[in-house]
Amino acid sequence: MISMSKNIIVTGGLGYIGSHSCVELIDHGYTPILIDNLSNSKKDVLDRLCKITGQNIVFYEEDIRNREALDSIFEKHHPLSVIHFAGLKAVGESVDQPARYYSNNVKGSLYLIDVMKAHDVKSLIFSSSATVYNVDLSPPFTEAMPTGQVGNPYGRTKYMVEEMMKDIAATDASLSMTILRYFNPVGAHESGLIGEDPQGIPNNLMPYMAKVASGDLAELSIYGDDYETIDGTGVRDYIHVVDLARGHVMALDQSLKSTGVNIYNLGSGDGYSVKQVLSSYESACGNVIPCKIVGRRPGDIAASYADIKKVQNEMGWAPTKNLDDMCQDSWRWIQNRGKAS
């Protein structure tokens with residue numbers, strides 16, 4: 001693939017992972033072109049990104065299901081590749097609103113790939129999830145494990161897009177499709193200017209814990225303390241969002257030099273229990289975080305964490321930040337919100 005363009009389309013570019021990846025792309029000499037419909041992000045993130053990078057960043061407030069708008073953006077910027085983050089991501093919400101999730105996540109991805117094809121863009125990096133792995137599997141999860149027996153519509157949309165990418169790549173040997181399966185991204189940029197800012201009550205542990213630590217929520221519920229884990233609480237694989245963003249840039253570099261479908265886990269390769277995360281976050285914020293033990297949630301498993309040998313061996317990627325880094329950077333972001341200007 002020979003091209004003078006360094007433009008990279010980033011869908012969902014003002015979201016949590018998209019915004020951090022934008023910073024890494026600029027640091028590595030790429031020019032991100034951001035597309036976001038702001039359904040789960042905020043416009044002021046753009047100003048924060050410009051402040052961090054010292055650059056004016058191109059942004060389009062558009063939905064990827066708007067084929068005409070997508071076509072116009074591709075025609076104007078001649079992208080070298082696409083990094084596709086845009087997607088709804090709340091498991092519980094997907095159970096209540098499955099049609100919305102299939103429309104946004106599956107239809108939107110199909111439209112995006114169709115426009116890529118029309119503009120001869122061969123490289124795609126897709127933001128997938130560990131939820132695609134079969135629900136009856138035990139960790140550590142490897143990329144070769146079976147997928148598709150998924151417990152919720154959100155996970156099924158990710159699985160469907162993965163299968164769609166594989167099928168499309170099988171029809172064109174010049175395509176390069178990279179699937180990145182995330183575990184639990186947390187933390188924030190060290191500047192404190194960008195971080196996770198979910199709308200409403202957070203669905204995930206660390207952003208919920210942060211809201212309790214800051215006084216926005218009364219207490220943290222720990223769902224079960226009788227699992228067969230180090231301390232009885234659930235164990236999950238947490239990865240610092242900056243490490244995750246670095247992984248996208250490395251995947252992009254590889255995608256531009258290869259073809260076919262490549263699949264990688266991006267996680268820490270280890271697990272932390274709820275109580276371990278709680279202890280680290282209390283150290284970061286300097287306060288005791290109110291919590292209570294309640295019953296297990298239906299469908300929760302004792303432990304989930306990645307095997308990351310493949311990405312280490314093939315891309316040379318490995319996490320550089322530990323749990324304390326994740327909690328300290330998260331707390332810095334919580335304290336710094338609203339101070340971008």
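As the structure is a prediction and not an experimental result, all values here were calculated from the model.
- Looking at every heavy atom in both residues, Thr259 comes nearest to Asn262 through O-ND2, 4.3 Å.
- Ring orientation note: the planes of Phe74 and His119 are tilted relative to one another, at an angle of 30° to 60°.
- In the hydrophobic cluster analysis, where Ile, Leu, Val, Met, Phe, Trp and Tyr join through side-chain heavy atoms closer than 4.5 angstrom, Tyr208 is grouped together with Tyr272.
- Scanning both residues, Ser280 and Cys327, for their nearest heavy atoms gives OG-SG, 3.3 Å.
- Applying side-chain contact (heavy atoms from CB on, under 4.5 Å) to Tyr281 and the options Gln328, Met209, Gln276 leaves one that passes, Met209.
- Between His20 and Tyr16, the gap from one ring centroid to the other is short of 6.0 Å.
- Val95 and Ile201 fall into different hydrophobic clusters, defined by Ile, Leu, Val, Met, Phe, Trp and Tyr side-chain heavy atoms under 4.5 Å apart, directly or through other members.
- A continuous path of ILVMFWY side-chain contacts below 4.5 Å connects Val261 to Met165, so both sit in one hydrophobic cluster.
- Contact between Ile194 and Ala188 at its shortest, heavy atoms only, is O-CB, 3.4 Å.
- A salt bridge links Asp172 to Lys122: one of the charged nitrogens lies within less than 4.0 Å of a carboxylate oxygen.
- In this pair, Phe183 and Phe141 present their aromatic rings tilted. The plane angle is within the 30 to 60° band.
- A continuous path of ILVMFWY side-chain contacts below 4.5 Å connects Tyr30 to Phe85, so both sit in one hydrophobic cluster.
- Judged by distance alone, the side chain of Asn184 and the main-chain N or O of Asp237 form a donor-acceptor pair under 3.5 Å.
- Under a cut-off of 6.0 angstrom, the local environment of CD in Glu190 is sparse, with at most 12 non-hydrogen atoms contributed by other residues, nucleotides or ligands.
- Around atom CD of Glu228, no more than 12 heavy atoms belonging to other residues, nucleotides or ligands sit under 6.0 Å away.
- Ring geometry, Phe126 versus His84: the interplanar angle falls from 30° to 60°, so the pair is classed tilted.
- Look at Arg246 and Asp243 and you find a salt bridge, because one of the NZ, NE, NH1 or NH2 atoms lies within 4.0 Å of a carboxylate O, short of that distance.
- Taking the ring axis of Tyr305 as reference, the NZ or CZ atom of Arg236 does not stay both within 45° of it and closer than 6.0 Å to the ring centre.
- Legend: residues meeting side chain to side chain donor-acceptor pair (under 3.5 Å) with Ser221, ordered by chain and number and at least two apart, are absent.
- The number of heavy-atom neighbours closer than 6.0 Å to NZ of Lys166, taken from other residues, nucleotides and ligands shown, is above 12.
- A pairwise comparison of heavy atoms in Gly87 and Asn105 identifies CA-OD1, 3.3 Å as the closest pair.
- No side-chain N or O of Tyr154 forms a donor-acceptor pair with one of Glu93 less than 3.5 Å apart.
- No donor-acceptor contact under 3.5 angstrom links the side chains of His240 and Asn322, judged on distance only.
- Checking each of Lys310, Gln312, Gln254 against Tyr264 for a side chain to side chain donor-acceptor pair (under 3.5 Å) leaves exactly one that passes, namely Gln254.
- A 6.0 Å sphere centred on CG of Asn56 holds no more than 12 heavy atoms belonging to other residues, nucleotides or ligands.
- Taking every heavy atom of both residues into account, Asn336 and Ser191 meet most closely at ND2-O, 3.9 Å.
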- Item | Test salt bridge (charged side-chain N to carboxylate O under 4.0 Å, His left out) applied to Arg296 and Asp226, step by step | CA-CA 9 Å; Arg296 296 184 183 188; Asp226 56 353; 2.9 Å; yes
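- Ion pairing between Arg48 and Asp44 holds under the 4.0 Å rule for side-chain N and carboxylate O.
- A distance-only check finds no donor-acceptor pair linking the side chain of Asp225 to the backbone of Gly232 [under 3.5 Å].
- A pairwise comparison of heavy atoms in Val212 and Ala218 identifies CG1-O, 3.9 Å as the closest pair.
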- Query: Should Asn265 and Tyr133 be marked as a side chain to side chain donor-acceptor pair (under 3.5 Å) after you check the CA-CA gap, both sets of side-chain angles, and the distance that decides it?
  - Reply: CA-CA 11 Å; Asn265 289 332; Tyr133 290 113; 2.6 Å; yes
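- For the pair Arg65 and Tyr111, the NZ or CZ position fails the cation-pi test of under 6.0 Å to the six-membered ring centre and within 45 degrees of the ring normal.
- A side-chain donor-acceptor contact under 3.5 Å links Asn7 to the backbone of His77.
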